[in-house]
Amino acid sequence: MTEQIPSPGRKFRQLFSATPRGARLARRLTCCQLEEWGFPHGGEISDAAASVVAELAVNAVTHGRVPGRGFALTLLLARELLRIEVADARGERWPEEGRGGGSGLRIVSAFADSWGVRERSIGKIVWAEVSGMKGWEEE
Ligand SMILES: Nc1ncnc2c1ncn2[C@@H]1O[C@H](COP(=O)(O)OP(=O)(O)OP(=O)(O)O)[C@@H](O)[C@H]1O
Ligand SMILES: [Mg+2]
């Protein structure tokens with residue numbers, strides 16, 4: 001898994017409650033933000049990003065939840081790459097594709113070029129990168 005850190009481009013960051021509603025909101029706001037960045041609702045990029053965010057957010061809420069703490073979504077757009085980061089507060093358990101026979105990370109793998117996990121001071125960040133953002137011009 002190669003991790004490409006985009007140079008400064010567009011950035012969106014928001015905290016959500018670690019609830020199903022928070023996960024749904026994260027997905028919805030991703031589509032709104034992408035629309036603002038020039039990727040229309042229902043388009044290929046918007047749908048891919050929404051699917052990845054939805055699965056990572058649901059995982060943060062179900063597997064990564066720590067009572068009293070939310071999760072954070074960051075979207076970074078630079079050149080032809082969209083980087084999605086979902087940070088949760090649970091550090092001792094990490095995502096593992098195929099564990100428990102889940103389909104979430106398989107969906108992430110299908111839409112993202114690469115994904116991975118990195119530790120942070122509290123909990124972890126699960127990241128995924130979606131490419132093919134052609135047509136987007138950095139101003
Ligand atoms: N944010 C997370 N924190 C801790 N563990 C995680 C996290 N995300 C995923 N995992 C672990 O990785 C496994 C695989 O995740 P995946 O999303 O593929 O399946 P699932 O969530 O179990 O089921 P599904 O997504 O189909 O509802 C999970 O069962 C869980 O053990
Ligand atoms: Mg899942």
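Counting starts at 1 for both ligands and their atoms, following the listed order.
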* Say whether R90 and ligand 1 are in contact under the criterion: heavy-atom distance to a ligand atom below 4.0 Å. => no
* Going by distance only, is there an N or O of R93 that falls short of 3.5 Å from an N or O of ligand 1? -> yes
* Salt-bridge contact R65-D88 (side-chain N to carboxylate O under 4.0 Å) -> no
* To do: With heavy atoms of G64 as the reference, note each atom of ligand 1 found under 4.0 Å away.
  => 3 (N)
* Does the pair Q14 and L25 meet the rule for a side-chain contact (heavy atoms from CB on, under 4.5 Å), with working shown? -> CA-CA 10 Å; Q14 173 120 14; L25 197 55; 5.9 Å; no
* In terms of hydrophobic clusters joined by side-chain contacts under 4.5 Å, are V86 and V117 together? -> yes
* Structure fact -> Residue, atom and distance of the protein heavy atom nearest atom 26 (O) of ligand 1 read S103 N, 2.7 Å
* Check whether any side-chain heavy atom of L105 sits under 4.5 Å from a side-chain heavy atom of N59, and report yes or no. => yes
* Structure fact -> Residue, atom and distance of the protein heavy atom nearest atom 23 (O) of ligand 1 read G102 CA, 3.4 Å
* Could you list which atoms of ligand 1 come closer than 4.0 Å to a heavy atom of K124? => 1 (N), 2 (C), 3 (N), 4 (C)
* Asked: Would you say I107 and V58 are hydrophobically clustered, going by side-chain heavy atoms of ILVMFWY under 4.5 Å?
  -> no
* To do: Please could you name the atoms of ligand 1 that G104 approaches to less than 4.0 Å, counting only its heavy atoms?
  => 16 (P), 17 (O), 18 (O), 24 (P), 25 (O), 26 (O)
* Asked: Got an N/O contact under 3.5 Å between G98 and ligand 1?
  -> no
* How does D88 reach ligand 1, if at all, at less than 4.0 Å between non-hydrogen atoms: by side chain, backbone, both, or neither? -> side chain
* Within reach of ligand 1, part of E97 (heavy-atom separation under 4.0 Å) -> neither
* Asked: For atom 10 (N) of ligand 1, what is the nearest protein heavy atom, given as residue, atom name and distance?
  -> P95 CA, 3.3 Å
* Please find out if the Mg ion (ligand 2) and some N, O or S atom of S103 are separated by less than 2.8 Å. => no
* With a cut-off of 6.0 Å (strictly less than), are more than 12 heavy atoms of other residues, nucleotides or ligands near CZ of R90? -> yes
* Asked: Just which atoms of ligand 1 are under 4.0 Å from any heavy atom in E96?
  -> 11 (C), 12 (O), 13 (C), 14 (C)
* Asked: Touching ligand 1 at all, R106? Heavy atoms, strictly under 4.0 Å?
  -> no
* Group every Ile, Leu, Val, Met, Phe, Trp and Tyr by side-chain heavy-atom contacts under 4.5 Å, then state whether F39 and L75 land in the same group. => yes
* Same cluster or not: are L82 and F111 linked, directly or through other Ile, Leu, Val, Met, Phe, Trp or Tyr residues, by side-chain heavy atoms under 4.5 angstrom apart? -> yes
* Using a strict 4.0 Å threshold on nitrogen-to-oxygen distance, state whether E85 and R118 make a salt bridge. => yes
* Asked: Which option out of V117, L105, V108 puts a heavy atom nearest to atom 15 (O) of ligand 1?
  -> L105
* So which of L73, T74, V126 actually passes side-chain contact (heavy atoms from CB on, under 4.5 Å) with I84? -> L73
* Asked: If hydrogens are left out, which of E92, E55, H63 has an atom nearest to atom 28 (C) of ligand 1, that is, the closest non-hydrogen atom?
  -> H63
* **Atom CZ of R99: over 12 foreign heavy atoms under 6.0 Å** => yes
* Structure fact -> The closest protein heavy-atom partner of atom 17 (O) of ligand 1 is N59 ND2, 2.9 Å
